[in-house]
**Student:** 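Dumping the structure here so I can ask a few things about it.
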There are 2 protein chains.
Amino acid sequence: MATKNQASGGVSRQVLADHVYEALLGALMDGRLEAGTPVSIDGMARELDVSPTPVREALARLEATGMVRRMALRGYRVAPLFSPEELADLMDARLVIEPANAFMACKHADQQLTGRLQQAIEDLKAAPRGPSFAEFRAYWEADERFHRMIAESANNQFLLSAYNALGGQVQRFRFFGGLGVTDADYAIAEHTEILKAFEAGDAELARQKMIDHIEGVKQRSQHDSEVRN
Amino acid sequence: MATKNQASGGVSRQVLADHVYEALLGALMDGRLEAGTPVSIDGMARELDVSPTPVREALARLEATGMVRRMALRGYRVAPLFSPEELADLMDARLVIEPANAFMACKHADQQLTGRLQQAIEDLKAAPRGPSFAEFRAYWEADERFHRMIAESANNQFLLSAYNALGGQVQRFRFFGGLGVTDADYAIAEHTEILKAFEAGDAELARQKMIDHIEGVKQRSQHDSEVRN
DNA sequence: ACAGCATAGATCCTATAGGAAATGCGATTC
DNA sequence: GAATCGCATTTCCTATAGGATCTATGCTGT
């Protein structure tokens with residue numbers, strides 16, 4: 001067997017299925033796997049030079065994120081892109097969850113959190129805004145990090161699960177992948193407003209600023225999808 | 001396998017992994033698998049008389065629901081029961097999501113929905129309230145159905161995903177399994193209030209009544225956990 | 001030329017085998 | 001008596017094989 005486990009890294013304890021999961025996630029995020037494309041278990045196993053078993057397990061996990069869909073006895077395929085209506089629904093769902101996250105996170109915000117939020121904003125400013133996936137990915141990573149830190153700081157594992165379940169954070173990336181960053185200036189300004197509320201320790205204000213931000217994202221995304229069509 | 005019985009109905013073809021998933025779910029809900037106990041892949045395969053491969057896939061799906069935890073190279077184990085603090089967190093999360101569901105569901109409620117909600121309440125009244133798992137399960141099923149119908153009627157796949165992600169609906173069942181139904185009268189009254197709001201088409205009232213209901217569940221559950229200790 | 005059927009290939013699904021790691025237990029030593 | 005080491009068993013993890021089903025291509029008949 002060619003299980004040449006490279007004893008290099010300290011925590012090299014990773015199961016092959018985890019590797020496959022990461023590889024598939026990367027392929028989905030980079031757009032190498034387009035929406036609607038079938039994902040063959042055997043084919044992916046050949047491509048990654050592993051057996052079908054780990055691929056099967058990785059796909060079962062991916063299905064929970066909504067990035068792939070499974071039809072019994074007919075295999076997996078990449079989930080379709082969002083329609084403008086679905087995108088609006090996603091924003092409505094974010095409007096339910098994220099303001100609550102902001103409110104609760106603000107209640108026990110400390111210097112460390114505000115510092116990291118500041119850093120995320122700085123990274124957002126510095127990120128390139130080109131249309132290529134690699135460029136866009138840096139921008140998206142900083143944006144996602146800002147929101148995720150707030151969700152984690154709400155200190156409620158269930159709200160965090162709900163946030164993760166939206167999962168569309170990733171789908172959203174795929175949706176705008178071909179369009180590039182169009183609203184960076186707005187997003188940076190709105191993020192800064194949220195950060196200010198955190199620094200002031202005003203939880204109610206933080207909630208409102210998060211609402212304003214997501215409302216803004218919703219409106220701008222709808223405008224963008226109209227432009228595209 | 002001679003599974004070519006198509007005369008029996010539409011669901012003739014089911015994958016073994018689905019069967020294993022259902023079996024594990026049932027074992028978890030009935031309390032046959034207690035919190036913290038390890039779930040051996042090979043052992044479960046022997047018990048269900050299948051190969052480890054479908055068991056592995058079913059467990060990968062179950063992990064996403066939070067009912068089992070996985071440690072790489074060390075197998076799966078049943079997730080621990082909730083502490084009173086975690087239970088309070090779960091109720092806080094429900095307070096974020098479910099009132100929003102009620103509000104949106106009420107906006108396009110029809111005769112069919114209110115009829116089904118009424119039926120769920122009737123089932124709740126008729127359900128036995130004994131301490132055994134089988135009895136409690138009927139009660140829990142009617143309760144869960146009431147909330148799930150509202151979540152589905154909100155017509156937003158992302159909010160529904162968030163609701164599913166709470167998943168603790170099932171965990172909650174396990175938590176109270178040993179305690180029996182203690183607040184049926186309150187729950188029935190509160191459900192009825194929600195239904196009335198739906199019938200009146202008052203979305204804002206539906207939201208408020210859902211808040212009242214979950215607040216009530218939260219307080220009563222905390223009281224119960226104190227009694228238990 | 002077009003419809004229908006048969007065959008071939010691909011794919012999914014499950015079972016089995018075997019290597020690698022972890023756990024449990026007993027013996028040994030201080 | 002307690003701690004540590006080594007061996008055996010259990011368990012996880014991956015690979016491979018084969019049966020069943022779906023898809024596609026080519027052929028035949030009208």
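Heavy-atom basis, side chains included; hydrogens, waters and symmetry copies ignored. Each chain gets a letter, A, B and so on, in the order its sequence line appears, and its residues count up from 1.
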**Student:** Applying ring pair (Phe, Tyr, Trp, His ring centres under 6.0 Å), can you list everything that pairs with Tyr76(A), at least two apart in sequence or on another chain?
**Tutor:**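 Ring pair (Phe, Tyr, Trp, His ring centres under 6.0 Å) check on Tyr76(A) returns nothing, list empty.
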**Student:** Who pairs with Ala184(A) by side chain to side chain contact (heavy atoms under 4.5 Å, CB included), at least two apart in sequence or on another chain?
**Tutor:**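 Here the qualifying residues are Arg129(A), Tyr139(A), Val181(A).
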**Student:** Scan residues 100-121 of chain B for pairs that pass salt bridge (charged side-chain N to carboxylate O under 4.0 Å, His left out), counting only residues two or more places apart or in two chains.
**Tutor:**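 Every pair satisfying salt bridge (charged side-chain N to carboxylate O under 4.0 Å, His left out) with a residue in residues 100-121 of chain B: there are none.
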**Student:** Measure CZ/Arg46(A) against P/dA15(D) and give the value in whole Å, please.
**Tutor:**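 For the pair Arg46(A) CZ and dA15(D) P, the rounded distance is 14 Å.
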**Student:** What residues form a ring pair (Phe, Tyr, Trp, His ring centres under 6.0 Å) with Phe146(A), not counting sequence neighbours?
**Tutor:**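 Counting only residues at least two positions away or on another chain, Phe146(A) forms a ring pair (Phe, Tyr, Trp, His ring centres under 6.0 Å) with His191(A).
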**Student:** For Arg46(A), check side chain to side chain donor-acceptor pair (under 3.5 Å) against everything at least two apart and list the hits.
**Tutor:**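 For Arg46(A) there are no side chain to side chain donor-acceptor pair (under 3.5 Å) partners, ignoring immediate neighbours.
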**Student:** Contact list please: residues 50-59 of chain A against DNA chain C, heavy atoms, distance less than 4.0 Å, in numerical order.
**Tutor:**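 Close to the strand are Arg56(A).
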**Student:** Let me know, please, whether Asp49(B) or Ile41(A) comes out on the 5' side of the other along DNA chain C by nearest nucleotide.
**Tutor:**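 The residue whose closest nucleotide sits nearer the 5' end is Ile41(A).
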**Student:** Measure from CZ on Arg70(B) to P on dA22(C) and round the result to the nearest Å.
**Tutor:**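 Result: 14 Å.
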**Student:** Arg77(A) CZ to dT11(C) P: how many Å, rounded?
**Tutor:**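 To the nearest whole Å, that distance equals 13 Å.
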**Student:** Kindly say if Arg74(A) contacts the phosphate of dC13(C), meaning a side-chain N or O under 4.0 Å from OP1 or OP2.
**Tutor:**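 So the side chain of Arg74(A) is outside the cut-off, no N or O lying under 4.0 Å from OP1 or OP2 of dC13(C).
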**Student:** Verify side chain to side chain contact (heavy atoms under 4.5 Å, CB included) between Arg61(B) and Thr65(B), making sure each step is shown before the conclusion.
**Tutor:** CA-CA 7 Å; Arg61(B) 284 187 227 165; Thr65(B) 71; over 6 Å; no
**Student:** In this structure, how many angstroms lie between the C1' atom of dG9(C) and the CG atom of Asp42(A), rounded?
**Tutor:**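 That distance rounds to 13 Å.
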**Student:** For the pair made of OH in Tyr76(B) and P in dT23(C), what is the distance, rounded to whole Å?
**Tutor:**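 Spelled out: OH on Tyr76(B) to P on dT23(C) is 17 Å.
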**Student:** Output the rounded distance in Å from CG (Asp18(A)) to C1' (dT14(D)).
**Tutor:**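 It is 13 Å, rounded to the nearest whole Å.
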**Student:** Side-chain N or O of Ser40(A) less than 4.0 angstrom from OP1 or OP2 on dC12(C)?
**Tutor:**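 For dC12(C), OP1 or OP2 has a side-chain N or O of Ser40(A) closer than 4.0 Å.
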**Student:** Given atom CE of Met71(B) and atom C1' of dC13(D), what is their separation to the nearest angstrom?
**Tutor:**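 Going from CE in Met71(B) over to C1' in dC13(D) covers 16 Å.
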